[in-house]
Amino acid sequence: MATQPNYNHHEGAYVAVMKGLRELDLSGPRVPSDLVLIGDHAFPLAVNSQGQVLMAASLYGKGRIVVLGHEGYLTAFPALVENALFWLRGEGSDNPSVGVNKSVKEVADNLSKSSFQSKIVGSFDKSLGVGVYVTNAYSVGSDVKDLVAFMKDGGGVLIAGQAWSWSKVHPKENTLLFFEGNKVSGVAGIYFSEHCGAVECVPVFPQIPSSWMAVVIGKDFEDDLEFLLEGVPEFDLSGGSVCSEILVHGPLAFPIGTTADGKAFLAGAYYGQGRIIVITHEGFLGRENLTKFWSNALRWLDEGRKGVVGVSHKHALANLSKSGLNCVSSTFRDDLSVYVCTTYSDANSEEIQDFVAEGGGLLMAGHAWYWAQKNPGLNIFSEYPGNHVLNKLGLSMLGSIIRGGTFKAPEPSKAKENYHFRQLLHRFHCHVTKGEALSKHDEEGLTKLGQDLASYLHMNAHDCCSYTQVVSNLTHVLMKAGMPQVCDTCPAKTPRDLLLLSVGPELYKVSSNPDALLPHLIKDNPAMPVIYNHCVTINVDTAGGLEWVSTGLYLSPGMKTYISLPARIVNKGFKVQIGCQTDTLKTNVLKRARCVHEQYPVNAEMMLVSNLWGGLIYLVVPPKTKEDGLEVKVQIAVPAPYYKSGVTTPAEWSLLRTAPAPWAELEFANIILTVPSDVVRNLECPDELAVLWDDIMKGIADLAVIPHKFPRKERYVCDVQISHGWMHAGYPVMMHRATAATLVDIPNIKKTGLWGAIHELGHNQQKRHWEFAPHTTECTCNLWSVYVHETVLGISKEKAHGAMTPENRNNRTEAYVKGGRELASWSVWTALETYMQLQDKFGWDAFKKVFGAYHKMNPATFPKDNNGKMNLYAETFSQAVKMNLSGFFKAWGWPIEKETEGKLSKLPPWSDHPMVKYN
């Protein structure tokens, strides 16, 4: 048992109801019901050692409700009842009148000496003028509608009872939906369940109780799936429409349509007394091949009322009308039986939630992936319009994509086996803490569980009982199991370890006590020397695009610091970034966590920042921004080895290279190297290395025909694991940590070169106008590798890379010719040979003329297809060297058109090109 002080809006209510109580002795003969809580406003009052909720409270509309798991509690705990009545009548209300149903008239007797005035009645009547109504869960009868309206308008309801005996008499009916008391309490997100609560003496905690022991009690949804999927063997979502994924997280929510790996695109839920169905693309509402399902769905949502179905999405009206129900074009109104709308608006969100809670049906459709792409950095749970309606109902739209296809409908008889992340989380918790074995089916679900939990934690719904229950559960798991301490020699690869490694960082961000959690996540976290109030002056001109500006400072794992920033950059697109390793890993063998950096939008002059994993501190500057004299002050941080050409003196470097941070940066004229600090500890003369890298970068610029001063400095960042390949291009260029030492080893660079590192810089110079993807993607970048090695490092191409020996070059060419000169096999080294033959004949100046010519062309005139682009390249190269090269390119299998040959016909042909011997 633990307490989680997270219900910010409800702590005061909890304290008011439990005032003066230290324990509740529930160990008598009364056997209560375990209560099920859903929604944002329901919270527990009393929880036993097994995690069962035996008393709870909630808000609905302007009113309040307290639910007790047995009617005997109304008389057994008079102090609790009196506290509850004060809270239920609302702040500022002095109405002393309490309506007491005659079935619990003993309550009136107990109140005779209080300030309340009891009225014993046979049923509820709003004309009673009471502030609070007290009843048992069996006597609401025809009062349901009036009681809900009374509560919604500001009244208080105290209701008590148990449902386990009712469920024995009604074994085929769903207790959560049809037990009389639930028709009132369920509207506010509290249900009496058919499960008996364990009786014991329960302590009253100072804060709202929460227990990892709690088991989510829902239903198996077999009967719902049988109804919904009658005559529906599959879901044909083929075509151009792209769906989003739904996170099915509510205790009464369930998937209806999923991909083979369990991602839901169609789901349903119960909420209060109503029902919901969501599909993640509105276009499918009008699909004729889904007409049968929509007919079933509307009838399931309508629940036999045969009422009006209001459809706000006009393109769906004709198809939905085939259900036989009265479908009309309509915006939201509360007299509908079912409302159909898209997820792109949150208009009337609260009214729609109340509509469902009070028995209405809701069908929503729409995708969120496009919104997520257009709004990077925004929290999809809190910002996406549709989620303002759906989160509370137990379903949420995610930004991940589900491609079209045909998906088999689930078998209703196997509904009990279906994945539900709350239930699997509980079983996983028992596995970790009690050693209980997981089934093979559960083990297979752990990968998805980790993904879902990591997503769910982003909801940040700390006022919601069901959310804090998950946080409590995960906290107990991580404190018991710890997070895998992965590295290059000890990767995480089991489903269990991958789950813990995925969830741990996200839990840390939302934990109410992250400092207590930190030692269970990061085991080796030695204290490092720090500096205080360090000021960095920054001048920026980001004509070359978004740019990271180094501060030369580092934060240890979990270390927090305040950063002071100039007012003029607040809310202007700037960010503070902690960590240089920005690759997100998708593999299932992890040598580090999937994401190890954090970014904070600069939205205030003083910001508190941290990162579980620690990292170098940067200011991320948006594109097309010019600012001089930006002063950034960091309250506390660890100094890092940081050298900047023309700024850092030899004396300063002799001290800085010993700075304690584990990552170092060497910033030269056109490139920044981010490497492990141990790589630079013995680097005595970084100015010599700067000269070498300045020459290399000038070589990159010369071949690309661009100014020697790059509009944005390139970056290399080393990491223990990267998202793909041994290295990959971009900003920054990512490479494996094992490569770091080669970047600063001057003798080795001059002797053996840096083929791979230059290859990636070549990628950053490629332009789609003269690229013929996928053929040349891994080919033309090597032009820079060859050029830099030959002209800057003085290393011939055959020594720079083994693939470039004359023998290997000839063998590839012969194999290509024997294979029929098919462009399908013209790629990488084979494709490079085409360019090398040109270079052998015409030299590097020819390539510079070609690239220069492209710079002068109007981009709007560039062909979009490979055929057109290859003809333009052949024409451009021919004009650059004043020779007709069409025969040469045709010999390589290029699709040279008659028009191109005509344009080049006046130039002398290259008649002795290297491919002639193969004709």
Check: [X]/[Y] side-chain N/O donor and acceptor closer than 3.5 Å:
{"X": "D524", "Y": "Q485", "value": "no"}
{"X": "T542", "Y": "E547", "value": "no"}
{"X": "T900", "Y": "E875", "value": "no"}
{"X": "H801", "Y": "N782", "value": "no"}
{"X": "R657", "Y": "T648", "value": "no"}

Over 12 non-hydrogen atoms of neighbours within 6.0 angstrom of [atom1] in [X]:
{"X": "K633", "atom1": "NZ", "answer": "no"}
{"X": "K751", "atom1": "NZ", "answer": "no"}
{"X": "E807", "atom1": "CD", "answer": "no"}
{"X": "R768", "atom1": "CZ", "answer": "no"}
{"X": "E798", "atom1": "CD", "answer": "yes"}
{"X": "K624", "atom1": "NZ", "answer": "no"}

- Before giving the answer on ring pair (Phe, Tyr, Trp, His ring centres under 6.0 Å), spell out for F851 and W784 the whole-Å C-alpha distance, their side-chain angles and the decisive distance to 0.1 Å. CA-CA 13 Å; F851 293 139; W784 276 266; 5.5 Å; yes

Looking only at the aromatic ring of each residue, does the gap between the centers of [Y] and [X] stay below 6.0 angstrom?
{"X": "Y731", "Y": "W548", "value": "yes"}
{"X": "Y854", "Y": "H769", "value": "no"}
{"X": "F877", "Y": "W910", "value": "no"}
{"X": "W892", "Y": "Y816", "value": "yes"}
{"X": "F847", "Y": "W844", "value": "yes"}
{"X": "W726", "Y": "H759", "value": "no"}

Given side chains that start at C-beta, do those of [X] and [Y] come closer than 4.5 Å, heavy atoms only?
{"X": "L673", "Y": "Y643", "answer": "no"}
{"X": "K572", "Y": "T625", "answer": "no"}
{"X": "L703", "Y": "Q765", "answer": "no"}

- Query: Where do N539 and D541 land on the side-chain contact (heavy atoms from CB on, under 4.5 Å) test, with the steps shown first?
  - Reply: CA-CA 7 Å; N539 302 315; D541 183 0; over 6 Å; no

- Task: May I ask you to say whether D719 pairs ionically with R592, meaning some side-chain N is under 4.0 Å from a carboxylate O?
- Result: yes

- Task: Answer yes when K644 and E652 have at least one side-chain N-carboxylate O distance shorter than 4.0 Å, and no when they do not.
- Result: no

- Task: Could you tell me how the ring of H775 sits relative to the ring of W826: parallel (under 30°), tilted (30 to 60°) or perpendicular (over 60°)?
- Result: tilted

- Query: Parallel, tilted or perpendicular for Y873 and F772, by the 30°/60° rule?
  - Reply: perpendicular

- Just checking, R594 and W613: is the charged tip under 6.0 Å from the six-membered ring centre and within 45° of the axis? no

- Item | E605 vs L565, side-chain contact (heavy atoms from CB on, under 4.5 Å): CA-CA, chis, key distance, verdict | CA-CA 5 Å; E605 292 180 57; L565 300 140; 5.6 Å; no

